[in-house]
Amino acid sequence: MKILRFLFFFCSFGATLMFQTVEHGFPNQPSALAYDPQLQLMAIGTKSGAIKVYGAPGVEFTGLHKDTAAVTQIHFLSGQGRILSLLDDNSLHLWEIGGKEGHSYLEEVRSFSLPGRPGIESTSATRVTVLLLKLNLDLLCVGTEGGGVHFLQLPTFSLLDRSLFHDEVMQSAPEEYKCGKSLGPVEALQEHPQQAEKILIGYSRGLVVLWDLNTRHVDNLFLGKQQLESLVWERSGNTFVSSHSDGGYLVWTVNSSTPCTHQPTTSTIPYGPFPCKAVNKILWRTTETGCVNLIFIPLLRAPLVLLSGGMPRASYGDRHCLTILQDSTHVTLDFTSRVIDFFTVHCIDQEKEYDDPTSLVVLLEEELVVIDLATPGWPTIPSPYLAPLHSSAITCSYHISNVPSKLWERIITAGQSQSDWPICGGRSVAPESKQKELLLTGHEDGTVRFWDASGVSLQPLYKLSTANIFQTDCDHNDSLTQAGEEEWPPFRKVGCFDPYSDDPRLGIQKICLCKYSGKLVVAGTAGQVIVMYLSDEKSDHMIDVATVDLLQDREGFTWKGHDRLPPKTGSVVFAPGFQPVVLVQCIPPAAVTAVTLHAEWNLIAFGTSHGFGLFDYHRRDVSCLFSRCTLHPNDSLAMEGPLSRVKSLKKSLRQSFRRIRKSRVSGKKRAVQEANAQLAEQDAEMAPVQRRIEARSADDSLSGVVRCLCFADTFLRDGTHHGPTMWAGTNSGSVYAYALEVPSQEKFSEQSVEAVLGKEIQLMHRAPVVSIAVLDGRGNPLPEPYEVSRDLAKAPDMQGSHSVLIASEEQFKVFMLPKVSAKTKFKLTAHEGCRVRKVALVTFTSVSSEEYCENGLVCLTNLGDIHVFSVPALRPQVRYDCIRKEDISGIASCVFTKTGQGFYLISPSEYERFSLSARVITEPLCQVDVDRLHDLTVLRYSKLSHCLHLQFEHNEVFSCVIKICSSKYLQARMKLPVRWFVARRKHFILGPVARQGVLQHYTHCLKSTPAVTLLQT
Amino acid sequence: MNRNPREPSAVEFGAEFRRFSLDRSKPGKFDEFYGLLQHVHRIPNVDLLVGYADVHGDLLPINNDGNYHKAITTAAPLLRLFLQRKEEADYSAFGTESLTRKKTPAALAAVLLRPDGNRKKPPIIISLPQDFRPVSSIIDVDILPETHRRVRLYKHGQEKPLGFYIRDGSSVRVTPQGLEKVPGIFISRLVPGGLAESTGLLAVNDEVLEVNGIEVAGKSLDQVTDMMIANSHNLIITVKPANQRNNIVRRGGRDASGSSGRSSDSGTSFYMASNAIAMTPSHIIQNFRPEEEEDSEDEEDLVIEGGGAAIPIGHVAASAGVTCSMPSLPRYEPHLNLRTSNGGMAASASMDTVSHKDQDMEVQAVARRSLEEDGTVITL
């Protein structure tokens, strides 16, 4: 029986050796943006070479380039489910959304690098500056730094031999414009919206050329004099707009009668007359609703102009802005991070006369902002995914699985309502998760954010701020709104990324939530412990404040750290949601290091580096029930506080800057850093680092830090009577166990809780105690408060003898209760040389039967690997590599769920979720219906008979007869089907061909002939 | 063997001299002898420090059965004892060469009675006899290659730091592919006065191969550091000494009674002196099994009941009643009351401290066994 159990255990783990992962949050260091209006998908490229595609919530794909070069541009082959990416290393890559087993995935299919012309151009000359995908998706125009425009066949990436270089353009330019100067790199390429054969080429110097691809002839020249940044056509194709480095934009009219246009129709510098920064990108969208602008462009009805940059250099040169202009309405969106790119979601129907944009999507370095352009006032649309987790740095995280639907709905009601999300391509086919899961993140600015972690898209539900409980000097919202009235430019703060914390003391350190009673405990950096409850009504009340002296009678110590946060006096208005019941402030106000809540007993316990306390929030008129100092007399460091207030402010500023700097490290810099690291390694070999081998002593600094606290109903004093207990573990390997006298529910208001020290355990190896958990007679963890009384969990076994599992940084031990005699142990550090960072008791449910489950102790070590142990036998079961051991913040941020999943920060803004359990897996399962035509392969080309043998993707073979027609092109006729074919090693991939039994117009390069045209039969 | 049935003893206490005889063949136990001394001097309630002059003229302590027997067997024929009141004892009088300069009884007495007399250089000071305890040992000699050395450092509760540092390095290994440079962990520094230095068994540039039976190959410096610290209370390091000249040469049959009277410092140097290693392999415990040591030797956690005494977890019965207010107190009790008349011990008289240790463990183990339930994981 036992062996069977064991095997089963292994089976349930064995299926998960793949170690499923999924990412949540905002991609770190985004560098490119694209949108497919047909499939309604959005793609984001990052500096680490990742491509992420998003559609409707739950629809997402991730692709990673083989080289970790930054993605500089992305383009969708609209409707085909294909993505073209340009990397920093000048290589082009083609990605496809493929389908397998009912769900889609993203894969790279081809890549291409533009060859330099040997001897003529340097490598920088062929550096790609701009890409243009022709609307019919068979031709890619590539603009280069050298000023050349190259043409590539798609999706084969075959280079057509008709590149356009400066000299050809210059021939038609007037002499006075040439004056011996180069045109500079190609800055912009735009296809004529009506005539597919015409493209607009903009050179850095300012010259814009309307080029006819078929006739290879310059149709029009526009002699711009200002350095060019971007070009955009007006929908009709009669005018186009160019933006320039001086902060202005010009509107040009295309007049086919005059080959050379010297002056633009209009010229505007929106933030002039003083010098302005460049307008990096401009979009020009026509709307039906706007009024007629009669003065300059009679055909246009008040276009919507969107431009990024262009701010007055001296006064607002450091702002990250995007301007929306329509008629007399002018809004300057003021972002907190750099604008990477933006696009509008608008009507793409060729028949329609107007663009009619519905929304504007702006990708910033740290977040994604969507503006509703259809609604007056242009409000922002909250995003259902890609939330900037790091809008204020994450300081802690807490996960609750299996959230009751009642609490879930109340939290959603408290949070903001969702509006229509404009990007809704694809559909999620992932099964609806049975359980609701909440992820709570505590932030540096004192907020707690509630996220829906049930599925792939981590959706923000509710934001709780604790700053309004305290008097801080950061209430400057009023002054901002006042200034806004007369300010020019008309700034509007948009986005929520705000890395600068006004008061680091507000930072959230620990969170504990009772999912049945809606009680929440939030503890912070300045020793504040706030007990809250969920209320659906707005409230206006005073906050009860209690202070707890954790030093008690210890004398001769002075706290040199920060002051405690002064609570607000008088009544405070609280919005529906979590509202504070009582505020407990620890003295000295060191950061809270552990907190726990037992809502059934109305008790909270909290600990700092000085000691721990127990508090009855029901009888909050009484001060703290008891507290105990855990300080070692020699530990002066903990006494004085890690840093003085000035220092800590300085430090947090420094960290903020470092974070920002870090997030701006480009790929190149990273390469340099890596090289440096290698050099450092070599140096290390010359002068090796040495490590001191010494046993831990009792007076190590910060030995009194309380690391964990737990409540349990168990046998502490004798083996026959069980009762409420509280356990606390410290950094120096001490465990304190208290027996509590908790009065019955009716007598709560009369009697007070009493605590008596029951046991004190000193672990000999003195390693910090990371976790304490009490196991029942069957070796199962005790259920959470209310679970038994509300019939939500099986009652624990109170017959057999209980045991306590104490996990230190070095070993796990199970002690029998009440004698506290060692039962089992596993010495992890002594065996593996790794130290425990995070542990959790996890229930693994069998894949085949929901009835059967086993408990495991999951442990993340300082080497970033995860070990699973059986409980209470403490036998090692499996081990996975999870996080890089260098990723210290990732390891520190890891949080496990009760069902065998875990989250950790892979960047300041992204969580990676992994699954250890075979049953509980979160992965993006979604489907995108692509209108992609089938690939065709040329099997054989017979020169003699001019016969071409083709093979479709699914092995149907066709042949066609090719006739040589005039002007070097070939015409082909199709004969269907073919009985024989000869496979040749070299296949020529032809590209998209319609599948209705006929081939549409088609071109392809063959060795002997420049191109083949397959004609419809 | 000494055929003389009576052993004359000269005893001096203060200025008082007594002479009496003992049965050399049946010396009895130290406790009895101690009682006898108190009786002879009629000082039944005075705590005494007993010393004797050995054949080399060193003043050596008698405080347990072992050194008492040693003193009896080496007396030739007179055993000269020196008694001092404990509270006014001059510990510095003990040590080598303390009595060599003047060998007359009067001179001996003079040294004792005027300890701060005119000395040219301070003698080597031997710590208090009751502080004697194992500090280190070489183990598993029979199963390890001769080029390796497995050293056990005993750091139970004593204040002395382990006192060494390790570093990354590379060593050359012979592999089927020829010589290969492989990364390794080396001892980089010994702290003067630390445990590691004082044993003399570890040296700078010794390559660390194993820590408590676990190979360090493939582990990072930080991992090995953590492993060593995790095992710091009972650290067993297998090293490949940089200096291969002091390696133990294995002998077929060992001389069990090896060292009696042969070396002047044999009584004290087993655990302190390094130069004795090559000469006296007799104190090496054979067939040391780490797993056997593992749990009995593992420092036990301390439980303090609500308001009461501290009990080390695990062997409650063995040390019930021993109240330790702080866990850092030495757990090793004086050897006096632990000596059992276990004739089966293969140790020679000179090994007694080591054999004490064995018995000590056995006592604990027995006590523990009685506590354990069936099926638990603790192995003995």
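Each chain gets a letter, A, B and so on, in the order its sequence line appears, and its residues count up from 1. What you see below is based on every heavy atom in this structure, not just the backbone, and it leaves out hydrogens, waters and symmetry mates.
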Student: What part of B/S220 is in contact with chain A, defined as an atom under 4.5 angstrom from a non-hydrogen atom: side chain, backbone, both or neither?
Tutor: side chain

Student: Is chain B contacted by the side chain of A/L828, its backbone, both, or neither, given a heavy-atom distance below 4.5 Å?
Tutor: neither

Student: Look up atom CD1 in A/I761 and atom CD1 in B/I304, then write down how far apart they are to the nearest 0.5 Å.
Tutor: 10.0 Å

Student: Measure distances from A/A830 to the heavy atoms of chain B and classify the residue's part below 4.5 Å as side chain, backbone, both or neither.
Tutor: both

Student: To the nearest 0.5 angstrom, please state how far the CG atom of B/D222 sits from the NZ atom of A/K885.
Tutor: 7.5 Å

Student: So, taking the atom named CG in A/L863 and the one named NZ in B/K219, what distance separates them when rounded to the nearest 0.5 Å?
Tutor: 9.5 Å

Student: Between B/L221, B/V216, B/V224, which shows the greatest number of heavy-atom pairs under 4.5 Å with chain A?
Tutor: B/L221

Student: Roughly how far, to the nearest 0.5 Å, is the CG atom of B/L302 from the CD atom of A/E760?
Tutor: 9.0 Å

Student: Please find the pair of heavy atoms, one from A/I693 and one from B/L162, that lie closest to each other, and give the distance.
Tutor: O-CB, 3.7 Å

Student: Which atoms of B/I214 come close to chain A, meaning under 4.5 Å heavy atom to heavy atom: side chain ones, backbone ones, both, or neither?
Tutor: side chain

Student: Under 3.5 Å, is there a donor-acceptor pair between the side chain of A/E694 and the main chain of B/P161?
Tutor: no

Student: What's the spacing between B/I187 CD1 and A/Q690 CD if we round to 0.5 Å?
Tutor: 11.5 Å

Student: Atom CD of residue position A/E886 - does it have more than 12 heavy atoms of other residues, nucleotides or ligands inside 6.0 Å?
Tutor: yes

Student: If you take all heavy atoms of B/M227 and A/H831, which pair is closest and at what distance?
Tutor: CE-O, 4.3 Å

Student: For A/E832, is it the side chain, the backbone, both or neither that has a heavy atom under 4.5 Å from a heavy atom of chain B?
Tutor: backbone

Student: Would you check if the side chain of B/D301 reaches a backbone N or O of A/M764 as a donor-acceptor pair within less than 3.5 Å?
Tutor: yes

